[in-house]
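Ligands are counted one by one from 1 in listed order, and the atoms in each one are counted from 1 as well. These figures come from a predicted structure and were not determined experimentally.
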Amino acid sequence: MRFVVDQQVEDIEMPENLKLNTFLQEFHSDCTHPECGFGFYGFAFGQSPFPVPKLIQDALIKNANKGKYAPVPGIPELRNAISKYNKHYFKMDVSPDRIYVGPGTKELIFNLLEILHGTVILPTPAWLGYLPQIRFLKKNYHMLPTRANKKIATNDLRHLALRLQDRQKILILNNPHNPTGLLYSRLELEEIADVCRELNITVISDEIYAQTTYDFSKFVSMGKIFPDGTFVTNGLSKSHAAGGYRLGYVIFPQHATDLKAQFKKILATEYTAVSTPIQHAAIPGFEISPELDNYFETTRNIHKIMGEYTFSKLTSIDGIKATKPESTFYLLADFNAYAPELEKAKITTSQKLSEVLIVHPYHTAIVGGIV
Ligand SMILES: Cc1ncc(COP(=O)(O)O)c(C=O)c1O
């Protein structure tokens with residue numbers, strides 16, 4: 001039997017970080033030398049290193065018997081808890097009916113791109129998850145390269161949007177940002193929102209790293225600045241170290257009643273609802289408690305120590321530049337000063353550099369930046 005794969009799928013590339021994972025596995029299995037049995041320093045995967053908060057683990061055990069399908073947008077108790085969580089941490093008044101729960105924000109962003117008409121504006125550098133989705137959906141898109149400070153320049157956004165013919169444009173904003181670790185200030189968000197209002201740009205604001213902001217008082221949600229035009233996505237994956245639970249949520253813009261009905265149709269068609277025990281387990285993850293507060297504070301501080309240490313060590317090497325992270329578990333390093341030497345060693349792409357760094361005696365896993 002010969003199977004023919006749809007061209008649309010053939011055209012999609014495996015994400016760089018997963019490619020690296022495969023490379024690592026193959027490297028280990030193909031190599032019989034004892035020195036190949038190494039562990040490695042992993043900076044390549046968006047995996048939080050902490051345990052899942054105990055209260056979430058306990059709730060999962062307690063709710064293992066919940067075998068019924070959940071309502072499509074999520075169970076009411078969870079949507080209520082997420083609403084209160086947003087009020088407490090992000091100072092946003094969001095009624096539970098604006099909140100839809102899904103199996104991770106990656107899927108929810110995909111679903112939003114499915115229902116929203118228009119050309120996508122993707123600022124770069126960007127998390128490597130967006131582009132394959134945009135391509136798979138055959139959407140029109142334009143990259144918006146950022147300048148030296150690696151943040152969206154509002155003038156560039158305006159010029160690009162003015163050139164686009166679509167009556168609606170979709171900006172993918174990622175704040176705090178993977179891979180730079182940078183955070184947008186309130187003023188920067190306000191300036192972006194002004195352009196979006198003026199030129200009818202809808203915003204998908206991926207805020208999955210919000211809780212990891214080192215100085216949490218500095219984080220401002222785009223949902224607060226531009227509530228009538230922003231879809232905010234967030235979830236358990238990074239802040240609660242529970243990527244494997246596959247639970248995220250999207251907050252719909254104010255007054256988007258018709259759109260919610262369309263969205264519900266898509267969710268019902270594609271996955272019915274998130275696993276019911278996982279939804280119950282997530283409730284204490286969004287309830288306000290001293291235990292959770294303490295967890296966020298401790299993990300934030302550790303991210304800060306790691307981010308600042310990595311930044312200072314990297315930039316102490318002559319010629320290497322890096323973004324100074326204010327959040328997340330990433331920074332973007334620029335090795336171009338070493339391009340001539342690397343070229344002599346036949347290292348001409350960042351992908352190749354990441355493969356070589358794995359094999360090198362220090363065994364360091366990083367993701368190449370190709371865009
Ligand atoms: C910027 C960004 N958005 C979304 C995701 C995916 O999150 P989820 O686990 O909620 O699908 C990641 C994970 O690496 C990410 O880095």
Side-chain angles (χ1 to χ4, degrees), residues 14-21 42-50 52 56 74 78 82 85-86 99-114 120 122-134 136 146 150-152 170-184 203-213 219 221-223 230-251 267 270-271 274-275 278-279 281-282 285-286 299 303 307 323 325-332 365-369 371:
M14 192 73 165
E16 287 298 319
N17 58 344
L18 299 184
K19 259 195 225 163
L20 196 69
N21 207 7
F43 293 95
F45 312 103
Q47 179 68 61
S48 171
F50 306 112
V52 176
I56 298 183
L78 177 58
I82 294 172
Y85 175 84
N86 273 275
I99 297 166
Y100 273 52
V101 175
T105 59
K106 193 183 213 176
E107 182 66 33
L108 288 166
I109 292 168
F110 186 74
N111 300 144
L112 289 174
L113 292 171
E114 282 178 302
V120 181
L122 181 62
T124 58
W127 173 50
L128 32 76
Y130 305 123
L131 196 55
Q133 297 195 347
I134 297 168
F136 186 71
T146 51
K150 303 284 174 234
K151 286 184 174 175
I152 298 167
I170 306 157
L171 171 69
I172 299 190
L173 175 75
N174 177 206
N175 180 43
H177 189 257
N178 173 2
T180 60
L182 297 177
L183 181 74
Y184 283 84
V203 180
I204 297 178
S205 189
D206 175 350
E207 301 180 359
I208 193 82
Y209 294 99
Q211 279 288 9
T212 67
T213 307
F219 173 78
S221 173
M222 191 58 152
T230 303
F231 296 82
V232 177
T233 58
N234 203 341
L236 286 184
S237 296
K238 314 297 175 181
S239 44
H240 302 67
Y245 274 52
R246 308 310 302 132
L247 188 130
Y249 64 85
V250 52
I251 302 173
L267 304 203
E270 294 188 11
Y271 48 78
V274 172
S275 138
I278 289 294
Q279 292 201 47
F286 293 112
T299 53
H303 286 314
T323 51
E326 289 182 84
S327 184
T328 74
F329 11 109
Y330 314 102
L331 55 70
L332 183 70
I366 61 165
V367 179
V371 190

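Of all atoms in ligand 1, listed by their number and element, those nearer than 4.0 Å to a heavy atom of G104 are 10 (O), 11 (O). For ligand 1, the atoms lying closer than 4.0 Å to a non-hydrogen atom of R246 are 8 (P), 9 (O), 11 (O). Against a heavy-atom cut-off of under 4.0 Å, N174 is close to the following atoms of ligand 1: 1 (C).
Y209 and Y330 have perpendicular rings, their planes meeting at more than 60° on a 0 to 90° scale where under 30° would count as parallel. Using a 30° and 60° split on the angle between ring planes, F286 and Y249 fall in the perpendicular class, above 60°.
Here OG1 of T233 is found 9.5 Å from CD1 of I172. Values are rounded to the nearest 0.5 Å. Between the OH atom of Y130 and the CG atom of D206 there is a distance of 3.5 Å, given to the nearest 0.5 Å.
Checking side-chain atoms of T146 against main-chain N and O of T124 turns up a donor-acceptor pair under 3.5 Å.
Checking only distances, S237 does come within under 3.5 Å of ligand 1, N or O to N or O. The N/O atoms of E107, backbone and side chain alike, include none that comes under 3.5 Å of an N/O atom in ligand 1.
For atom 2 (C) of ligand 1, the nearest non-hydrogen atom from the set L128, I172, N234, D206 belongs to D206.
Contact detail for A126 and H177: the closest heavy-atom pair is CA-NE2, 4.3 Å.
At least one heavy atom of K238 sits less than 4.0 Å from an atom of ligand 1.
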